[in-house]
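In this text, all values refer to a predicted model and were calculated from it rather than measured experimentally.
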Amino acid sequence: MISVRIRGRRIGVLVKKLRSGNYGEFSRPDGPICLEPRQSGKEFLDTVIHEGLHARFEDAEMSHVEVARTSGDLTRLLWAMGYRKVEVK
(Lines give C-alpha, C1' and ligand atoms only; values in the text may rest on other atoms or scores of the structure.)
Protein backbone atom coordinates (compact mmCIF):
# COMPACT_ATOMS: atom_id res chain seq x y z
CA MET A 1 0.00 0.00 0.00
CA ILE A 2 1.14 3.50 -0.76
CA SER A 3 -0.14 6.61 0.94
CA VAL A 4 -0.60 10.19 -0.18
CA ARG A 5 -1.40 13.41 1.64
CA ILE A 6 -4.79 14.85 0.66
CA ARG A 7 -6.16 17.85 2.55
CA GLY A 8 -3.48 17.41 5.17
CA ARG A 9 -4.48 13.81 5.89
CA ARG A 10 -2.53 10.68 5.04
CA ILE A 11 -4.74 8.51 2.79
CA GLY A 12 -3.79 4.93 1.92
CA VAL A 13 -4.15 3.67 -1.64
CA LEU A 14 -4.69 -0.05 -2.33
CA VAL A 15 -4.90 -1.80 -5.67
CA LYS A 16 -6.96 -4.94 -5.14
CA LYS A 17 -9.83 -6.88 -6.65
CA LEU A 18 -13.08 -5.37 -5.42
CA ARG A 19 -16.04 -7.63 -4.71
CA SER A 20 -18.47 -4.73 -5.00
CA GLY A 21 -18.20 -4.58 -8.77
CA ASN A 22 -17.02 -0.97 -8.55
CA TYR A 23 -13.85 0.29 -10.24
CA GLY A 24 -12.88 2.18 -7.10
CA GLU A 25 -13.97 3.12 -3.60
CA PHE A 26 -13.07 5.76 -1.04
CA SER A 27 -13.88 5.00 2.59
CA ARG A 28 -14.66 8.23 4.40
CA PRO A 29 -13.22 10.07 6.21
CA ASP A 30 -9.62 8.81 6.13
CA GLY A 31 -9.58 6.22 3.39
CA PRO A 32 -8.26 4.10 2.07
CA ILE A 33 -8.81 4.56 -1.64
CA CYS A 34 -9.23 1.09 -3.18
CA LEU A 35 -8.71 0.60 -6.91
CA GLU A 36 -9.79 -2.37 -9.03
CA PRO A 37 -6.77 -3.56 -11.07
CA ARG A 38 -8.87 -5.18 -13.84
CA GLN A 39 -9.36 -1.98 -15.86
CA SER A 40 -7.84 -0.58 -19.02
CA GLY A 41 -5.13 2.03 -18.52
CA LYS A 42 -7.48 4.90 -19.34
CA GLU A 43 -10.22 3.55 -17.05
CA PHE A 44 -7.68 3.14 -14.25
CA LEU A 45 -6.49 6.75 -14.65
CA ASP A 46 -10.09 7.95 -14.54
CA THR A 47 -10.74 5.90 -11.39
CA VAL A 48 -7.64 7.27 -9.64
CA ILE A 49 -8.74 10.84 -10.40
CA HIS A 50 -12.38 10.10 -9.50
CA GLU A 51 -11.57 8.60 -6.09
CA GLY A 52 -8.96 11.31 -5.43
CA LEU A 53 -11.66 13.94 -6.01
CA HIS A 54 -13.94 12.16 -3.53
CA ALA A 55 -11.10 12.21 -0.98
CA ARG A 56 -10.31 15.86 -1.61
CA PHE A 57 -13.87 17.20 -1.72
CA GLU A 58 -15.65 14.73 0.56
CA ASP A 59 -17.46 17.37 2.59
CA ALA A 60 -17.97 19.89 -0.22
CA GLU A 61 -21.11 20.33 -2.25
CA MET A 62 -19.71 18.35 -5.19
CA SER A 63 -22.24 15.84 -6.48
CA HIS A 64 -21.24 12.43 -7.76
CA VAL A 65 -22.19 13.61 -11.26
CA GLU A 66 -19.78 16.56 -10.95
CA VAL A 67 -17.03 14.23 -9.70
CA ALA A 68 -17.62 11.89 -12.65
CA ARG A 69 -17.63 14.73 -15.20
CA THR A 70 -14.52 16.33 -13.74
CA SER A 71 -12.58 13.06 -13.58
CA GLY A 72 -13.59 12.34 -17.18
CA ASP A 73 -12.42 15.78 -18.32
CA LEU A 74 -9.08 15.47 -16.51
CA THR A 75 -8.59 11.92 -17.78
CA ARG A 76 -9.09 13.04 -21.39
CA LEU A 77 -6.65 15.92 -20.87
CA LEU A 78 -3.92 13.77 -19.32
CA TRP A 79 -4.47 10.92 -21.82
CA ALA A 80 -4.18 13.35 -24.76
CA MET A 81 -0.89 14.59 -23.24
CA GLY A 82 0.44 11.02 -23.23
CA TYR A 83 0.13 10.10 -19.56
CA ARG A 84 0.06 6.35 -19.07
CA LYS A 85 0.49 3.94 -16.15
CA VAL A 86 3.81 2.11 -16.14
CA GLU A 87 4.87 -0.62 -13.77
CA VAL A 88 7.70 0.46 -11.47
CA LYS A 89 9.93 -2.30 -10.20
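Separation of atoms OG1 (Thr47) and CD (Glu43) is listed at 7.0 Å; rounding is to 0.5 Å. The distance from atom CD1 of Ile33 to atom CE of Met1, rounded to the nearest 0.5 Å, is 11.5 Å. Here Asn22 contributes atom CG and His50 contributes atom NE2; the two are 9.0 Å apart, rounded to the nearest 0.5 Å.
Within the structure, salt bridge (Lys or Arg N to Asp or Glu O under 4.0 Å) contacts touching residues 28-38 (residues at least two apart or in different chains) are Arg9-Asp30, Glu36-Arg38.
For Arg5, the CZ atom is densely surrounded, since the number of other residues' heavy atoms within 6.0 Å is greater than 12. Heavy-atom contacts from other residues, nucleotides or ligands closer than 6.0 Å to CZ of Arg69 number 12 or fewer.
Counting only heavy atoms from C-beta outward, the side chains of Tyr23 and Asp46 never approach each other to under 4.5 Å. Side-chain contact between His64 and His54 is present, with heavy atoms from C-beta onward closer than 4.5 Å.
Taking Ile, Leu, Val, Met, Phe, Trp and Tyr as members and joining any whose side-chain heavy atoms lie under 4.5 Å apart, directly or through other members, the hydrophobic cluster of Met81 also contains Leu45, Ile49, Leu53, Phe57, Met62, Val67, Leu74, Leu77, Leu78, Trp79, Tyr83.
Side-chain N or O atoms of Arg76 include one that pairs as donor or acceptor with a backbone N or O of Gly72 at under 3.5 Å. Formation of a donor-acceptor pair under 3.5 Å by the Glu25 side chain with backbone atoms of Cys34 is not found in this model.
Put simply, Phe44 and Ile2 are part of the same group of oily side chains (I, L, V, M, F, W, Y) that touch within less than 4.5 Å, one to the next. Val48 is not connected to Leu14 by any chain of hydrophobic side-chain contacts under 4.5 Å among Ile, Leu, Val, Met, Phe, Trp and Tyr, and they are in different clusters.
The two residues Ile11 and Pro29 have their closest heavy-atom pair at CD1-O, 4.3 Å.
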